[in-house]
J.: 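Mind having a look at this structure? Questions to follow.
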Amino acid sequence: MTTTHFAYNFAFLDEDTKRMLRRALLKAVAIPGYQVPFGSREMPLPYGWGTGGIQVTAALLGPDDVLKVIDQGADDTTNAVNIRRFFSRIAGVATTEHTADATLIQTRHRIPETSLREDQILVFQVPEPEPLRTLEPREAETRTLHALADYGLMHVKLYEDIAQYGHIATSYDYPVLVDGRFLTSPSPIPKFDNPKLDRSPALMLFGAGREKRLYAIPPYTQVQSLAFEDHPFEIQHWEHQCELCGSGESYLDEVVVDDRGTRMFVCSDTDFCSGRRLEAQA
Amino acid sequence: MTAALMLELRDLSKSFELHHQHGARLNVLRGLDLRLHAGECVVLSGPSGAGKSTLLRVIYANYRPSFGVVHVRHDDRWIDLAKATPHEVLDVRRRTLAYVSQFLRVIPRVPALDIVAEPLLQTGVDGPQARDRAGDLLRRLNVPERLWALPPSTFSGGEQQRVNIARGLIVRRPILLLDEPTASLDAENRDVVAQLLAEARAAGSAVLGIFHDEDMRDRVATRLFPMQALEAA
Amino acid sequence: MSALLQVRELSRHYGLRVGCEDVSFELHPGELLCIVGESGSGKSTLLNTVAAQLSPSSGSVRYRQRSGHWLELGALSEADRRRLAREEWGFVTQNPRDGLRLNVSAGANVAERLMALGMRNYSQLRHIARGWLERVEIDPSRIDDAPTSFSGGMQQRLQIARTLVTQPRLVFMDEPTAGLDVSVQARILDLLRRLVNELGLAAVMVTHDLAVARLLAARTIVMQGGRVVETGLTDQILDDPQHPYTQLLVSSVLTT
């Protein structure tokens, strides 16, 4: 049983701020893929470390929630550990490393391998919410392009990739079209995870604290990754399987294990991997 | 059987007002009447300065008349080119009224063959066919094939004039205006031009031309229209 | 009514300053109209107002869409304006660097408008892009090069390809050959002449050069001090100028 700090409100944010966030989230859910501006607050974490994700989580958490936090698929990396401990102290909520046991999952740059359910919410940490930003630096212009669904520019980028590399080189933060209307950045998840966005039973929420934008993909929404007819969207494949659990279907990290450069491939999703190992032993 | 009236000028006058030459006014044509029928070849005769070239240009709407009527039979209608809109004039020039000027206006980079083929292309004939017809015409006019792919800017006066004639005649049009088309040509090529005009007339075209050479005039003219210079105002 | 564009008593002021005043003209498919004038004549203001990039102070511009419906351009929403610019119009700017994306390849520049219209087949896009590069006399093997490596004349030809690839019904051109060397200019004018004929384009072109008007335009408008001083057939205006200003312009041109 952890002690809570009575000097702070439940989950750190004051209730008015939570109300503001929830209004923005409702708007985001009502307009899938549309970036809703919000009054991003100062959080006890610098920009670029997940302040947007934390604010969304803080607005949603209730005392009965079970929170899981992952960073690049792992529960035990610095970012994940710190955020999970933060909410454990400041909200007193139960936390878990098991995807299946969580009601709310905050993630940096991965979607869990385990299929999500209708009663779960996935909160993404987003560094740059605007998929067109590298092509069009002006905010006023990108807002107009979104308003007019004028997305030719994105295809220019994909064309350039194929012309330069022979294939679409974008391997993460691969742009998607949400509900056939808004061009959206799925955050820097590997394109391997893009298919999981399509018609997921879970609610997906995206928070960008530095850029002060929220957006949402409601459950069972159509999400298509952009492509050309003759260069269709493809996910990454490995010739290896996870050396720990034998999975040939999950996203693998390549890990250097010694000074001689020996490498091994292991599941990036630590919970998924350990779950499979437990099953194998049983 | 009376041939159809194709062109009628009534009380046609043309003056030039030169605003930057102290408002000097040049009167060139006054009160001119002329009727041109299908199958005719009317030759404008008279000394230089009589306004012959000016008259052709006024008819073609290259010059704007100061007064009077330029009636052209276009598609079984009559249009007064003095009052027609630019759009209408362009349509008349495309299909009814051809004009061969005294000098070829040279367009850089365009080969002679394409210059000749262009009017035909504009009527919708496809590229290869248009260039074939252009070649036929140039061959008849004795322009050697080795020149066809070259822009005419380096051609001799006579060669340029023959390119000009070919361009003017390649599309069969009911009215032909010709300004000294044989001035730089030798006897053989003058023959060819006379032949081409005879063919045009036989096909029903009406020709109005200026020919300096008396021989040519005698050969092609069915009628003369004498003109005289006006006194300067 | 076969006109494509109807301009009626169009005026555009900048506060008290007159940009252009009381201009009227019509444009039909397949016609190229030149607007001729010296600096300060209002010709660029007129072009930009007609092209809906500036809003009129008074008067009207009506455009007949592909669907046959007339649009009042003065009352156009931003969405409609962009749609027209994407689907039915083209604009060639004086400086090609303003009309190109300099940080993407030549091929991407040409293919962009096709992709904006929904074309999604990469090979087909590339095939069309290569065809157009050839058409504007750029070596197709340079399809993947960035336009920053092109000469000024090549950049302008690339801009023309990029604009015409979607076969727009109406093209606006603002001094497309100004500032280029004479031989380069001749090449581009020749190209424009051929393309306008081949594609049956309707175009409005602004130029200060009478020879360009003579070469390309069947009809011309002469502007001075924001007003139209003479309008009509190009050859008539240049060979039999009526207005004192037109006579001055014509007589001032140097010939080689």
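Naming convention: chains lettered A, B, ... in sequence-line order (proteins, then strands); numbering from 1 in each chain.
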J.: By a 4.5 Å heavy-atom criterion (distance strictly below it), what part of L215(C) contacts chain B: side chain, backbone, both, or neither?
T.: side chain
J.: Please state whether the side chain, the backbone, both or neither of T231(C) comes within less than 4.5 Å of a heavy atom of chain B.
T.: backbone
J.: Any carboxylate oxygen within less than 4.0 angstrom of a Lys/Arg side-chain nitrogen, looking at R57(B) and D240(C)?
T.: no
J.: Is D91(B) salt-bridged to R95(B), going by a charged N under 4.0 Å from an acidic O?
T.: yes
J.: Does R93(B) make a cation-pi contact with Y60(B) (under 6.0 Å, within 45 degrees of the axis)?
T.: yes
J.: With a 4.5 angstrom heavy-atom cut-off, is it the side chain or the backbone of Q242(C) that approaches chain B, or both, or neither?
T.: both
J.: Please state whether the side chain, the backbone, both or neither of N197(C) comes within less than 4.5 Å of a heavy atom of chain B.
T.: side chain
J.: With respect to chain B, which residue among L238(C), L248(C), L189(C), I237(C) yields the maximal number of heavy-atom pairs within a distance under 4.5 Å?
T.: L248(C)
J.: Can you tell whether the side chains of R142(C) and D139(C) come within less than 4.0 Å, N to carboxylate O?
T.: no
J.: Starting from the C-alpha separation in whole Å, work towards a yes-or-no answer on side chain to side chain donor-acceptor pair (under 3.5 Å) for R169(C) and Y63(C).
T.: CA-CA 11 Å; R169(C) 293 173 80 230; Y63(C) 167 74; 3.0 Å; yes
J.: R193(C) versus chain B, heavy atoms under 4.5 Å apart: side chain, backbone, both or neither?
T.: side chain
J.: Counting only non-hydrogen atoms closer than 4.5 Å, does D190(C) touch chain B with its backbone (N, CA, C, O), its side chain (CB onward), both, or neither?
T.: side chain
J.: Determine, stepwise, if the pair F172(C) / W89(C) fulfils ring pair (Phe, Tyr, Trp, His ring centres under 6.0 Å).
T.: CA-CA 8 Å; F172(C) 299 98; W89(C) 291 352; 5.5 Å; yes
